[in-house]
Protein chains: 2
Amino acid sequence: MKLSTRSRYGVRLMLALGTGEKPGPTLLKDVARREQISEKYLSQIIIHLKAKGLVHASRGAHGGYELARPAAEITLREIVEPLEGDLCLVDCILRPASCTRSATCATRDVWGAMNTMILDYLDTITLEDLVRKHRGKLGDAGIDFAI
Amino acid sequence: MKLSTRSRYGVRLMLALGTGEKPGPTLLKDVARREQISEKYLSQIIIHLKAKGLVHASRGAHGGYELARPAAEITLREIVEPLEGDLCLVDCILRPASCTRSATCATRDVWGAMNTMILDYLDTITLEDLVRKHRGKLGDAGIDFAI
DNA sequence: TTATTTACTACTAATTCGCTAGTATTGGTA
DNA sequence: TACCAATACTAGCGAATTAGTAGTAAATAA
């Protein structure tokens with residue numbers, strides 16, 4: 001049970017957009033360089049985030065990506081869920097018909113509750129929280145905004 | 001981010017041991033038949049559970065497996081953790097040296113907190129809880145012991 | 001000593017993951 | 001209009017992981 005690099009890179013990508021120093025759109029190329037992640041790979045990842053309406057893209061010279069909404073209004077769940085492909089620990093949660101035991105399975109309830117707990121947790125953390133935490137760590141006075 | 005079948009089967013296996021009707025050890029063969037899981041595969045899974053001291057095995061005729069402790073004293077975490085191979089969402093949580101960004105990474109803290117939350121949750125659920133839930137579902141009066 | 005059961009080891013088909021590569025398309029700029 | 005800079009799209013692929021199968025060895029009760 002590992003978080004995919006897609007999700008991890010996706011969150012770092014969004015964080016990079018959220019902390020963009022210069023005004024205007026951020027180049028994927030710059031994010032790739034700063035975060036040491038393949039630009040091509042990032043471009044595949046961000047497609048899903050764009051599809052969910054989290055970022056806005058502009059093509060051509062002086063193009064790039066921008067957050068489509070304020071960072072405070074974007075939760076980690078919105079970022080991670082599409083990248084994991086419907087964050088779902090066990091198939092039978094989203095599709096009960098995928099297992100004949102669904103109706104009477106005691107373990108299914110536990111996985112379902114656990115899944116809900118994870119999604120709820122991710123919903124409580126906004127991109128702005130991450131940005132603040134990031135700035136705190138850079139400030140380097142040892143200050144740590146515990147979540 | 002899926003739970004492996006190993007973990008899922010492992011929990012069902014332990015549940016089967018916890019609800020064993022007959023006294024004495026339970027045959028893996030019987031669990032395999034009732035749960036519709038390959039006996040060979042189950043035998044690989046239960047090795048890890050035995051190594052963790054959760055079950056006791058006896059060989060030969062009238063052998064089988066028994067819980068090594070009362071179901072009330074076995075938590076889901078104890079079952080799932082060894083089967084997932086140290087349930088850890090992201091490598092850098094257990095091994096900070098695996099990523100150069102560990103010290104200053106804002107996202108790492110979030111994954112760490114999420115990981116802790118998951119383990120804590122699994123720690124709150126005992127095998128006995130599962131057994132009760134299972135019996136409730138079989139009773140079939142529509143009673144559901146929500147977790 | 002034989003039948004029954006767990007214990008151990010090796011292999012393998014299928015899937016998923018983490019990318020790379022190439023081309024197309026769009027839009028600003030000269 | 002021509003060109004360049006950027007995103008958009010599609011295909012493929014090597015490595016790792018997953019979910020088993022298969023076969024043999026060892027222990028033990030009867």
Side-chain angles (χ1 to χ4, degrees), chain A residues 1-10 12-13 17 20 22 24-33 35-52 54-66 68 80 83-91 98-99, chain B residues 1-13 16-17 20 22 24-33 35-52 54-66 68 80 83-91 98-99:
Chain A
M1 205 178 117
K2 283 272 182 289
L3 206 62
S4 68
T5 56
R6 275 165 58 115
S7 296
R8 291 188 287 116
Y9 289 177
R12 283 166 61 187
L13 170 55
L17 296 187
K22 313 169 201 161
T26 304
L27 291 184
L28 215 51
K29 195 198 320 178
D30 291 343
V31 176
R33 185 163 24 79
E35 295 291 327
Q36 303 268 67
I37 304 173
S38 147
E39 181 187 350
K40 283 287 193 185
Y41 196 23
L42 281 182
S43 78
Q44 286 178 9
I45 291 171
I46 207 167
I47 283 177
H48 298 275
L49 303 175
K50 191 193 166 198
K52 285 287 172 182
L54 299 181
V55 301
H56 173 254
S58 31
R59 290 176 161 192
H62 303 115
Y65 294 95
E66 288 172 296
V80 172
L83 294 179
E84 286 293 323
D86 282 329
L87 186 36
C88 178
L89 285 182
V90 170
D91 281 339
S98 66
C99 180
Chain B
M1 205 178 117
K2 283 274 183 286
L3 207 61
S4 68
T5 58
R6 276 166 57 116
S7 296
R8 291 188 287 115
Y9 290 177
V11 172
R12 282 167 62 188
L13 170 55
L17 297 186
K22 312 169 202 162
T26 304
L27 291 182
L28 213 53
K29 196 199 318 179
D30 291 344
V31 176
R33 186 163 23 80
E35 295 291 327
Q36 304 267 65
I37 304 174
S38 150
E39 182 187 349
K40 284 286 193 185
Y41 196 25
L42 281 182
S43 78
Q44 286 180 10
I45 290 171
I46 206 167
I47 283 177
H48 297 276
L49 302 175
K50 191 193 166 199
K52 284 288 172 181
L54 299 181
V55 301
H56 173 252
S58 32
R59 290 176 162 193
H62 303 116
Y65 294 95
E66 289 172 296
V80 172
L83 294 178
E84 287 293 324
D86 283 329
L87 186 37
C88 178
L89 285 182
V90 170
D91 280 338
S98 66
C99 180

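Quick note on labels: first sequence line is chain A, next is B, and so on, each numbered from 1.
- Taking 3.5 Å as the limit, the base of D/dG23 and the side chain of B/K40 contain a donor-acceptor pair of atoms between them.
- Note on A/Y65: a side-chain N or O is less than 4.0 Å away from OP1 or OP2 of D/dA8.
- When side chains are defined from C-beta on, A/S4 does not count as touching B/M1, because their heavy atoms never get closer than 4.5 Å.
- Atom P of nucleotide C/dC19 and atom CD1 of A/I47 are separated by 16 Å, given to the nearest angstrom.
- At least one donor-acceptor pair under 3.5 Å links the side chain of A/R12 to the backbone N or O of A/E35.
- Residue B/I45 holds its CD1 atom at 8.5 Å from OG of B/S7, rounded to the nearest 0.5 Å.
- Between B/S4 and D/dT18 there is no side-chain N or O to OP1 or OP2 distance below 4.0 Å.
- Close to D/dT21, at under 4.0 Å from its OP1 or OP2, lies a side-chain N or O of B/S38.
- Summary of the strand contacts: B/E39 and A/L3 both lie near DNA chain C, and taking for each the nucleotide with the nearest heavy atom, the more 5' one is attributed to B/E39.
- Residue A/L42 contributes atom CG, which lies 16 Å from atom C1' of C/dC17 at whole-angstrom precision.
- Atom OH of A/Y65 and atom CG of A/L54 lie 13.0 Å apart (nearest 0.5 Å).
- You'll find that the side chain of B/A57 is closest to C/dA7, out of C/dT5, C/dG18, C/dA7.
- Atom NE2 of A/H48 is separated from atom C1' of D/dT7 by 15 Å (rounded to the nearest Å).
- Put simply, B/K50 has no side-chain N or O that comes within less than 4.0 Å of OP1 or OP2 on C/dT6.
- Spacing between atom CE of A/M1 and atom P of C/dT16 amounts to 18 Å, rounded to whole angstrom units.
- As judged by a 4.0 angstrom heavy-atom cut-off over every strand, A/I46 is placed among residues making no nucleic acid contact.
- Side-chain to base pairing of B/Q44 with D/dT21: one donor and one acceptor N or O lie within less than 3.5 Å of each other.
- Here D/dA5 presents its P atom at 14 Å from CG of A/D30, a figure rounded to the nearest Å.
- A pairwise comparison of heavy atoms in A/L28 and A/L42 identifies CD2-C, 4.0 Å as the closest pair.
- Not counting sequence neighbours, the partners of A/E66 by the side-chain contact (heavy atoms from CB on, under 4.5 Å) test are A/P25, A/H56.
- Note: B/L27 CG to B/E39 CD = 8.5 Å, rounded to the nearest 0.5 Å.
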Short N/O separations, protein against nucleotides 24-30 of chain C, under 3.5 angstrom:
{"from": "C/dT25", "atom 1": "O2", "to": "A/R59", "atom 2": "NH1", "distance (Å)": "3.3"}
{"from": "C/dT26", "atom 1": "O4'", "to": "A/R59", "atom 2": "NH1", "distance (Å)": "2.2"}
{"from": "C/dT29", "atom 1": "OP1", "to": "A/H62", "atom 2": "ND1", "distance (Å)": "3.2"}

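- Nearest heavy atoms, B/L83 versus B/G10: CD1-CA, 3.7 Å.
- Phosphate proximity of D/dT18 to B/Y41: absent, as no side-chain N or O sits under 4.0 Å from OP1 or OP2.
- Comparing C/dC8, C/dT6, D/dG20 by their nearest atom to the side chain of B/Y9 picks out D/dG20.
- Protein atom CD of A/Q36 is 17 Å distant from nucleotide atom C1' of C/dG18, rounded to whole Å.
- As rounded to whole Å, 14 Å separates atom P of C/dT6 from atom CD1 of B/I45.
- When rounded to the nearest whole Å, the span between NZ of A/K2 and P of C/dT15 equals 23 Å.
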